[in-house]
Amino acid sequence: MFAKIKSPTFIDTLIFELNDTTASSLKAVLKDDKGMVCSKFETEVVPAQRSFCWKGLNDLPYGVYTLELSGGKEEQQMRLIKRI
């Protein structure tokens with residue numbers, strides 16, 4: 001599972017696309033710069049689904065975050081920035 005974020009900066013929504021959707025579920029965790037979990041997103045993956053939209057992030061404080069994606073046995077981390 002390799003994911004691509006539409007933009008490394010976000011305001012209230014994260015949109016990401018998976019290149020390989022062999023996993024049956026997707027779990028995403030957003031952590032702040034201190035490693036604290038700020039938000040979680042879990043969904044079942046439909047075989048043809050490649051794009052996912054994570055809404056409701058407007059209440060998070062501005063700053064640097066780490067997005068941890070996992071699906072099946074694969075994991076990926078990305079650095080993101082929450083902006084105004």
Side-chain angles (χ1 to χ4, degrees):
M1 169 191 72
F2 289 100
K4 183 171 100 176
I5 297 290
K6 289 281 188 182
S7 172
T9 59
F10 68 98
I11 297 172
D12 64 346
T13 304
L14 277 175
I15 299 173
F16 45 94
E17 295 179 353
L18 300 181
N19 293 338
D20 178 20
T21 56
T22 56
S24 62
S25 64
L26 175 69
K27 181 179 179 181
V29 177
L30 199 58
K31 295 182 178 181
D32 64 13
D33 59 346
K34 295 176 185 168
M36 299 291 292
V37 174
C38 297
S39 189
K40 293 181 180 181
F41 174 80
E42 292 186 55
T43 186
E44 295 297 317
V45 177
V46 178
Q49 186 177 10
R50 297 210 181 269
S51 182
F52 298 88
C53 182
W54 185 357
K55 296 181 181 182
L57 302 172
N58 197 43
D59 292 337
L60 294 176
Y62 306 115
V64 178
Y65 290 87
T66 300
L67 174 64
E68 296 178 352
L69 294 171
S70 60
K73 296 180 181 178
E74 298 184 48
E75 293 183 3
Q76 183 176 354
Q77 290 187 352
M78 293 179 223
R79 183 182 158 142
L80 305 173
I81 299 172
K82 168 103 164 58
R83 296 183 51 159
I84 295 175

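Computed from a prediction, not measured in an experiment: that's the story for all the values here.
Distance CD1/I15 to CD1/I5: 9.5 Å, rounded to 0.5 Å. Between the CZ atom in F41 and the NZ atom in K55 there is a gap of 10.5 Å [rounded to 0.5 Å]. Note that NZ of K40 and CD of E42 are 7.0 Å apart. Values are rounded to the nearest 0.5 Å. Taking CG from D59 and OG from S39, the interatomic distance works out to 10.0 Å, rounded to the nearest 0.5 Å. Separating the CH2 atom in W54 from the CG atom in D12 is a distance of 13.0 Å, to the nearest 0.5 Å. With rounding to the nearest 0.5 Å, the separation of CD1 in I11 from CD1 in I81 is 12.5 Å.
Side-chain atoms of T13 and L57, non-hydrogen and from C-beta on, never get closer than 4.5 Å to each other. In this structure, K31 and E68 have side chains that are in contact, with non-hydrogen atoms separated by less than 4.5 Å. Under the 4.5 Å side-chain criterion, counting only non-hydrogen atoms from C-beta, Y65 is in contact with K82. Side-chain contact between L30 and F10: present, with at least one pair of heavy atoms (C-beta onward) separated by less than 4.5 Å. At a threshold of 4.5 Å between non-hydrogen side-chain atoms, the residues Q77 and L67 do not count as touching.
Looking only at distances, no side-chain donor or acceptor of R83 sits under 3.5 Å from a matching main-chain atom of Y62. A donor-acceptor pair is defined here as one N or O able to donate and one able to accept, closer than 3.5 Å; no such pair exists between the side chain of K4 and the backbone of E17.
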Given the rule in the side-chain contact (heavy atoms from CB on, under 4.5 Å) test, do L80 and L14 qualify, once you have shown the distances and angles that lead to the verdict?
CA-CA 10 Å; L80 305 173; L14 277 175; 3.7 Å; yes

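The minimum heavy-atom distance linking L69 with A3 is given by the pair CD1-CB, 3.3 Å. Residues C38 and L60 come closest through the heavy atom pair CB-CD2, 3.7 Å. Nearest heavy-atom pair across V45 and S25 is CG2-C, 3.8 Å.
When the side chains of ILVMFWY residues are joined at heavy-atom separations under 4.5 Å, either directly or via intervening members, V29 and L26 end up in two distinct hydrophobic clusters.
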